[in-house]
Protein chains: 2
Amino acid sequence: MATIYEVSELAGVSLATVSRVLNNSDKVSPATRAKVEAAMRELGYRPNTIAQSLASNRSNSVGVLVPELDGAFFGIMLSSIEDELRAAGKHVIFSAGHSDEEKEKASIEFLASRQCDALILHVFAVSDEYLGTLANGPVPIALIGRNLPEIPGRCFSLDNEEGSYQATRALVELGHRKVAYLAGPLWKSDARARFVGFQRALAESGLSFDQALLAEGNYQEASGKQGMRSLLRAGKPFTGLVSANDEMAIGAIEEVRERGMVIPDDLSIIGFDNVFFTRFMNPALSTVNYPIDVMGRMAARSVLRDVYGQEGLEIRNRFEPALVRRASVARHAQ
Amino acid sequence: MATIYEVSELAGVSLATVSRVLNNSDKVSPATRAKVEAAMRELGYRPNTIAQSLASNRSNSVGVLVPELDGAFFGIMLSSIEDELRAAGKHVIFSAGHSDEEKEKASIEFLASRQCDALILHVFAVSDEYLGTLANGPVPIALIGRNLPEIPGRCFSLDNEEGSYQATRALVELGHRKVAYLAGPLWKSDARARFVGFQRALAESGLSFDQALLAEGNYQEASGKQGMRSLLRAGKPFTGLVSANDEMAIGAIEEVRERGMVIPDDLSIIGFDNVFFTRFMNPALSTVNYPIDVMGRMAARSVLRDVYGQEGLEIRNRFEPALVRRASVARHAQ
DNA sequence: GTATAGAATGTAACCGCTTACATTCACTTC
DNA sequence: GAAGTGAATGTAAGCGGTTACATTCTATAC
């Protein structure tokens with residue numbers, strides 16, 4: 001691989017001049033620029049990004065941490081982040097935190113040790129305090145699905161409470177008076193917010209919340225199935241179910257089916273997140289849309305703006321959920 | 001951030017010695033090693049990976065190119081690759097090729113310009129010739145879902161023909177005599193192989209292949225729906241459908257449903273790939289398992305072995321598909 | 001014609017590490 | 001006791017760029 005030195009030789013200029021045309025900065029006369037570019041072409045020269053990084057103290061890489069690399073939900077986000085950053089000539093290093101505090105910290109360590117210029121994190125397990133000190137450290141961070149007062153401009157979140165409020169309202173308006181709730185892990189802030197929205201909708205409709213109609217899961221399919229089993233076993237009748245996310249809703253549906261109940265005739269179900277395969281289900285699952293793709297894109301833009309000094313980027317920080325009505329809910333005959 | 005120089009000062013040794021304990025190579029006396037380690041700890045020293053890369057001419061990063069970053073299928077692969085490589089202290093740079101020749105080439109260019117030590121590619125659009133010259137270039141590549149004679153040890157593939165052969169046989173054995181085929185884009189080698197397996201199973205069962213029962217799609221949902229529409233419109237009756245992948249099968253199912261037909265009573269359907277949500281469908285989709293996760297892992301290991309000199313890794317190159325029987329197929333009453 | 005300013009280009013130090021080679025030093029060996 | 005040996009450590013030259021500062025050159029003003 002040719003180096004900048006060889007290019008300078010061939011073009012008959014100094015290293016500095018070649019570097020200047022490379023960074024098309026400063027003033028280089030059109031004539032020398034042309035000479036240098038010709039030399040680069042002739043040698044098939046491509047800058048060594050590692051050397052550039054070392055000299056400029058900028059790696060042009062941003063680290064992205066998500067709970068899981070697979071999974072319907074995060075793939076979308078990864079995709080939009082990569083798309084946006086790649087277009088700006090930056091590259092992305094991904095890592096998975098597996099919703100475990102130690103693993104999340106280890107991954108952050110790992111990414112930081114990789115000289116990332118910035119980190120985009122979708123984490124739950126680490127504390128606000130930890131994130132606070134991290135945010136005050138040398139490498140800037142952006143947060144998806146979480147708010148940190150220290151860096152309001154680089155936090156991107158959805159109004160989770162509003163989302164399940166809408167979902168619950170939809171069920172109530174269809175005549176459901178007994179509505180169960182399948183909660184996410186309540187130590188996670190978003191799971192709590194979603195639960196609050198559910199309760200608020202109930203209260204506003206003059207319905208009381210019944211502890212026996214609550215089950216807590218971990219956002220995964222199996223826990224949804226198990227949650228539904230415990231709800232049914234409790235014996236309190238209900239005609240609607242609001243699930244804190246789509247995956248648990250799927251688990252719940254499996255359980256319901258195994259008992260010979262049919263959806264939505266015997267039970268109306270509504271999920272949250274609008275992961276892509278909810279459309280494919282039969283009946284298609286009603287859910288609440290979570291615009292994770294644009295949120296990822298916005299986070300990417302915020303680092304483009306704050307870290308790389310790019311200007312004129314359109315950025316939004318707060319997002320509104322939107323109800324997606326499909327066949328898994330039906331009117332309840334009073 | 002502390003540098004190796006400060007560590008050497010504090011420990012009272014030379015730069016080289018610090019570097020030696022860092023790479024725990026060579027012989028360093030236990031005493032000096034301890035001194036150095038203490039100094040590193042005291043300074044909170046962490047090596048600058050960029051500088052290491054520049055000096056050692058090794059970036060410790062491997063580039064991974066997939067058609068799409070989102071999507072049920074590739075997420076699994078990304079996940080296992082990251083897992084395996086991360087455990088070895090390497091990091092992964094992902095990029096998407098979008099099954100487009102120019103974009104795939106651009107992504108490969110991009111990854112190579114990032115000084116990746118190796119590339120793991122899941123590509124279709126670029127030619128064998130292009131891959132051949134790439135493989136002879138300076139950066140080693142590994143291929144998933146494709147074979148290149150130049151690098152047999154770093155190609156990882158599934159016997160696609162066998163997979164659809166099995167799927168088709170399964171339908172035939174259930175009494176289906178009229179079986180339609182929803183092909184992938186036939187310019188892709190795997191789509192062709194799958195189609196061949198279908199034809200072979202038919203021939204072996206003494207059934208003739210009817211051109212009117214063939215539709216070609218692009219592996220995406222919408223094309224499956226459209227393919228099914230054209231099959232139905234053609235008017236030739238059939239009781240079974242083999243789809244070249246699961247996503248198209250989903251599209252086909254939508255179309256079928258809209259016409260009031262029920263699966264599997266009116267039509268038995270079988271897909272290919274066993275993407276995770278096939279389980280969630282109702283009825284659950286029969287399919288052919290594609291062990292993309294272990295294939296990704298194996299590709300990662302092959303670069304660990306060939307590029308980073310790691311030994312004792314268990315590696316397999318060829319994989320066998322396996323039929324997954326679920327509720328979307330039923331016996332056809334003769 | 002000389003002084004002077006500003007644009008274009010060059011010089012060289014540095015980024016933080018690796019590594020070939022040189023040096024030191026404590027033991028053996030005869 | 002001199003010479004030889006090998007392990008531990010040090011020296012210094014890169015790796016391929018960036019960039020502050022110095023230098024050269026040209027055009028303008030007087």
Side-chain angles (χ1 to χ4, degrees), chain A residues 1-40 43-61 89 112-117 138-139 308-309, chain B residues 1-40 43-61 89 112-117 138-139 308-309:
Chain A
M1 202 74 243
T3 72
I4 198 177
Y5 179 74
E6 303 170 43
V7 174
S8 75
E9 288 257 283
L10 212 180
V13 300
S14 73
L15 292 185
T17 301
V18 178
S19 177
R20 284 185 191 107
V21 347
L22 223 44
N23 301 289
N24 55 311
S25 68
D26 284 296
K27 315 267 174 184
V28 181
S29 78
T32 35
R33 157 154 313 187
K35 265 195 309 187
V36 171
E37 282 170 349
M40 298 204 289
L43 293 169
Y45 169 78
R46 275 198 328 223
N48 180 321
T49 53
I50 302 275
Q52 288 181 312
S53 296
L54 182 60
S56 65
N57 195 29
R58 183 123 290 182
S59 69
N60 285 312
S61 73
S113 82
R114 246 51 205 187
Q115 261 70 39
C116 289
D117 294 332
V139 25
Y308 297 113
Chain B
M1 204 72 243
T3 72
I4 200 179
Y5 179 73
E6 302 171 44
V7 173
S8 75
E9 288 257 283
L10 211 180
V13 299
S14 74
L15 292 185
T17 300
V18 178
S19 176
R20 284 187 190 105
V21 347
L22 222 44
N23 300 290
N24 53 311
S25 67
D26 283 297
K27 315 265 170 185
V28 182
S29 78
T32 35
R33 156 153 306 169
K35 266 195 310 189
V36 171
E37 281 169 350
M40 297 203 291
L43 293 170
Y45 170 77
R46 274 198 329 222
N48 181 320
T49 53
I50 302 277
Q52 289 181 312
S53 296
L54 182 59
S56 65
N57 195 28
R58 182 93 332 157
S59 69
N60 284 312
S61 73
S113 81
R114 244 52 203 185
Q115 261 70 38
C116 289
D117 295 332
V139 26
Y308 297 113

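The structure displayed is predicted, hence computed values, not measured ones.
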* Asked: Does Ser19(B) place a side-chain N or O at less than 4.0 Å from the phosphate oxygens OP1/OP2 of dT18(C)?
  -> yes
* Any donor-acceptor N/O pair, Ser59(B) side chain to Gln115(B) backbone, under 3.5 Å -> yes
* Asked: What integer distance in Å separates Leu15(B):CG from dC21(C):C1'?
  -> 16 Å
* Is any side-chain nitrogen or oxygen of Thr32(A) closer than 4.0 Å to OP1 or OP2 of dT9(C)? -> yes
* Structure fact -> Which of dT18(D), dT9(C), dG10(D) is nearest the side chain of Ala16(B)? It is dG10(D)
* Asked: So, is Ser29(B) near the phosphate of dT9(D), with a side-chain N or O under 4.0 Å from OP1 or OP2?
  -> yes
* Structure fact -> On DNA chain D, more 5' by nearest nucleotide between Leu54(B) and Val13(B) is Val13(B)
* Please check the phosphate of dG14(D) (OP1 and OP2 only) for any side-chain N or O of Tyr5(A) closer than 4.0 Å. => no
* **Protein-nucleotide distance (Lys35(B), atom NZ; dA8(D), atom C1'), rounded to Å** => 11 Å
* **Listed nucleotide nearest any side-chain atom of Ser14(A), set dT18(C), dT18(D), dT11(C)** => dT11(C)
* To do: Grab the CG-P distance between Asn60(A) and dC15(C) for me, whole Å please.
  => 20 Å
* With a 4.0 Å cut-off on heavy atoms, is Val18(A) in touch with a base, just the backbone sugar-phosphate, or nothing at all? -> nothing
* CD1-CD distance between Ile50(B) and Gln52(A), expressed to the nearest 0.5 angstrom -> 11.0 Å
* Separation of atom CD in Glu9(B) from atom P in dG10(D), rounded to whole Å -> 12 Å
* **Reference residue Val13(A); test side chain to side chain contact (heavy atoms under 4.5 Å, CB included); the match among Arg33(A), Arg20(A), Lys35(A)** => Lys35(A)
* Asked: When the distance from CD1 of Ile4(A) to C1' of dG14(D) is rounded to whole Å, what number comes out?
  -> 16 Å
* Structure fact -> Checking dG10(C), dC17(C), dG17(D) against the side chain of Arg20(A) (C-beta onward), the nearest is dG10(C)
* Could you check how far CZ of Arg46(A) sits from C1' of dG17(D), rounded to whole Å? => 16 Å
* To do: Would you classify Thr3(A) as touching base, sugar-phosphate or nothing, given that sugar-phosphate means primed atoms plus P, OP1 and OP2, and contacts are heavy atoms under 4.0 Å?
  => sugar-phosphate
* Side-chain heavy-atom pair Tyr45(A), Leu22(A) within 4.5 angstrom cut-off -> yes
* According to a strict under-4.0 Å criterion, is Asn23(B) in side-chain N/O contact with OP1 or OP2 of dT18(C)? -> yes
* To do: Check whether any side-chain heavy atom of Ser14(B) sits under 4.5 Å from a side-chain heavy atom of Ser8(B), and report yes or no.
  => no
* Does the side chain of Thr49(A) come within less than 4.5 Å of Asn60(A)'s, by heavy atoms? -> no
* Is the shortest side-chain N/O distance from Gln52(A) to OP1 or OP2 of dT18(D) below 4.0 Å? -> yes
* Structure fact -> Asn57(A) CG to dA13(C) P, in whole Å, measures 21 Å
* Structure fact -> Ranking dC17(C), dG10(D), dT18(D) by distance to the side chain of Asn48(B), first place goes to dC17(C)
* Among dG10(C), dT9(D), dG17(D), which is the nearest nucleotide to the side chain of Thr17(A)? -> dG10(C)
* In whole Å, what is the span from the CG atom of Leu22(B) to the C1' atom of dG16(C)? -> 11 Å
